[in-house]
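Reviewing the structure listed below.
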Protein chains: 2
Amino acid sequence: MSVEPQQTGRRRVGRTTEGRRLLRRTLTVAAIDLFLESGYEQTTVDDIAAAAGVGRRTFFRYFRSKEDAIFPSHDEVLRDIERLFAEADDRQNPVEVACAGVTLVLDSYLSDPDVSVKRYTLTHTVAPLRDKEVASVDRYQRVLARYLRTRFETDGQPLADLRASVAAAAVAAAHNHVLRRWLRSGGTEDAHAMARKAFQLVVDAFSTEPPRRETGDDETVVAVLRSSASLAEVVQQISASLRPGGGSAQ
Amino acid sequence: MSVEPQQTGRRRVGRTTEGRRLLRRTLTVAAIDLFLESGYEQTTVDDIAAAAGVGRRTFFRYFRSKEDAIFPSHDEVLRDIERLFAEADDRQNPVEVACAGVTLVLDSYLSDPDVSVKRYTLTHTVAPLRDKEVASVDRYQRVLARYLRTRFETDGQPLADLRASVAAAAVAAAHNHVLRRWLRSGGTEDAHAMARKAFQLVVDAFSTEPPRRETGDDETVVAVLRSSASLAEVVQQISASLRPGGGSAQ
DNA sequence: GATGCTAACGGCACTGCGTGCCGTTAGCAA
DNA sequence: TTGCTAACGGCACGCAGTGCCGTTAGCATC
């Protein structure tokens with residue numbers, strides 16, 4: 001395919017940082033197109049490198065494996081999330097901060113709808129690529145869980161570790177749901193609007209603040225108290241309510 | 001290592017179904033021990049096969065890849081979960097059914113503590129093995145989400161798809177948390193007791209009864225509490241509610 | 001404009017994973 | 001004893017991923 005295979009001195013496109021980004025993207029696009037066209041297994045790394053006009057060895061200087069070729073560099077997004085968490089106000093709702101963090105992931109997909117949609121058809125079809133995607137989601141989820149754990153711990157939450165893992169998984173799942181819907185729509189729907197709704201559902205479920213509205217199920221006790229009551233009275237009344245049949249409205 | 005390499009006719013241990021299980025386990029144990037002893041990358045498939053007394057080609061008749069060697073056959077557990085969901089009473093809480101399903105996964109680990117603990121140190125250390133583990137968790141999570149989605153849809157839940165994905169992720173995360181703690185304890189703690197607590201937290205967060213709005217006037221504080229909350233939590237939440245501006249619905 | 005330095009690139013060779021193919025052999029039935 | 005079937009071992013092959021090295025573009029310096 002290449003007209004000048006042994007030409008001395010190809011363009012050194014990867015010399016500068018900007019050049020590296022460009023070549024990386026060229027390789028990604030080439031990989032995606034070849035995978036879609038000829039199938040993942042049928043496409044060799046040589047094919048991808050040749051399509052991008054570089055040597056096979058260079059490919060592996062840009063991607064650690066054949067599967068990685070179609071994915072963006074998650075490391076940068078991860079760093080952005082870490083920075084957002086580090087700079088976050090401790091007075092903010094931790095779960096909402098986590099949602100803001102994972103929104104950076106969403107944005108990284110939104111910034112390149114064409115590639116994202118094509119990649120989705122691949123991760124939806126090819127098992128090794130799907131596994132890689134899942135592994136990267138797990139990396140994000142771990143970062144979320146770590147942040148939430150420290151926040152929950154300083155807030156004195158009981159079972160902080162468990163809560164953090166569960167909440168992180170929920171936030172990640174909400175993000176994935178929105179992302180999938182957006183990808184299935186071909187990148188046309190309003191992802192951020194969907195994300196707001198989805199995150200609201202998670203925040204409501206996991207908010208550690210006194211919730212504005214609560215789901216009243218069989219195991220919920222509603223206590224109505226005068227604000228002038230002393231704390232001791234309150235405790236007494238609450239413990240009475242928690243006994244079977246003692247709830248004021250259950 | 002094998003004393004009789006070209007002996008005609010090794011034992012056909014894999015002939016019967018029971019024999020296959022036995023040889024599979026032998027290969028798994030050999031792989032785990034070799035990975036722990038010599039390192040994952042340093043250990044070749046030939047080493048594993050030789051340690052188990054079979055040929056390299058036979059190894060790949062039992063495992064699809066080198067990474068798969070240390071994992072149990074998730075397919076069986078997945079089938080058990082599907083059957084549990086199929087036979088589940090539709091009047092049961094869907095999230096609780098999902099927890100019951102994922103408990104089957106927990107049990108599969110508990111049934112072989114020795115291998116599970118050793119495997120954990122590997123998945124905790126070796127990136128490719130961790131990725132495989134994450135991928136298998138995702139498979140379970142998808143089954144949970146599919147069940148929850150149909151249940152939520154027939155229950156007429158709004159955003160059933162989103163809720164199902166998020167709840168499935170939460171259930172899976174709670175399971176993983178319990179499993180990790182149990183593995184870190186060396187398989188000594190009471191995993192089922194931990195699981196009950198962890199699942200309770202998820203069920204509370206995702207119970208799907210219609211939300212109830214509470215309105216109060218300036219002199220009344222309405223606090224809605226989960227009966228599973230500890231007294232300390234209750235006091236903390238109540239005192240927060242009694243502070244000006246801290247009320248949940250005042 | 002000539003020279004030296006640095007870093008990216010291409011090519012080569014090598015290890016090892018995963019697979020298709022085939023001859024061999026154990027287990028079982030007739 | 002004979003024939004059938006299925007698991008096994010060995011062989012060869014393609015390809016992923018890596019270490020090594022010579023080459024070359026880009027840049028600074030004289």
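Proteins get letters first, then strands, A, B, ... in listed order; numbering begins at 1 in each.
To the nearest angstrom, C1' of C:dG18 lies 11 Å from CD of B:Glu67. When the C1' atom of D:dA16 is taken as reference, atom CZ of A:Arg57 falls 12 Å away, rounded to whole Å. Protein atom CG of A:Asp46 is 15 Å distant from nucleotide atom P of D:dT18, rounded to whole Å. Atom pair A:Asp68:CG and D:dA16:C1' shows a separation of 13 Å (rounding to whole Å applied). Whole-Å rounding puts the B:Glu41 CD to D:dG19 C1' distance at 14 Å. Atom CG of B:Leu27 and atom C1' of D:dA7 are 14 Å apart (whole Å). For the pair A:Arg64 CZ and D:dG19 P, the interatomic distance rounds to 12 Å; values are reported in whole Å. Atom CD1 in B:Ile48 sits about 13 Å away from atom P in C:dG16, given to the nearest Å.
When all heavy atoms of B:His192 and B:Leu106 are compared, the closest pair comes out as CD2-CD2, 4.3 Å.
Nearest-nucleotide positions on DNA chain C place A:Phe59 closer to the 5' end than the other of A:Phe59 and A:Arg56.
Side-chain contact of B:His175 with B:Tyr140: a donor-acceptor pair under 3.5 Å is absent, judged by distance alone.
Applying the salt bridge (Lys or Arg N to Asp or Glu O under 4.0 Å) test to B:Arg146 and every residue at least two apart in sequence or in another chain returns B:Glu82.
Taking a cutoff of 4.0 Å between a charged side-chain nitrogen and a carboxylate oxygen, A:Arg130 and A:Glu67 do not qualify as a salt bridge.
When the side-chain nitrogen and oxygen atoms of A:Tyr62 are compared with OP1 and OP2 of C:dA8, none of them lie within a distance under 4.0 Å.
The nucleotide whose nearest atom lies closest to any side-chain atom of B:Lys66 is, among D:dG9, D:dA16, C:dG18, C:dG18. Each of C:dG16, D:dT18, D:dG9 was ranked by its minimum atom distance to the side chain of B:Thr44; first place goes to C:dG16. Nearest nucleotide to the A:Phe60 side chain, out of D:dC8, C:dG18, D:dA16: D:dA16. For B:Arg61, the listed nucleotide lying nearest its side chain is D:dG9; candidates were D:dG17, C:dC9, D:dG9.
In this structure, B:Arg163 fails the cation-pi test against B:Phe206, since its NZ or CZ atom is not both closer than 6.0 Å to the six-membered ring centre and inside 45 degrees of the ring normal.
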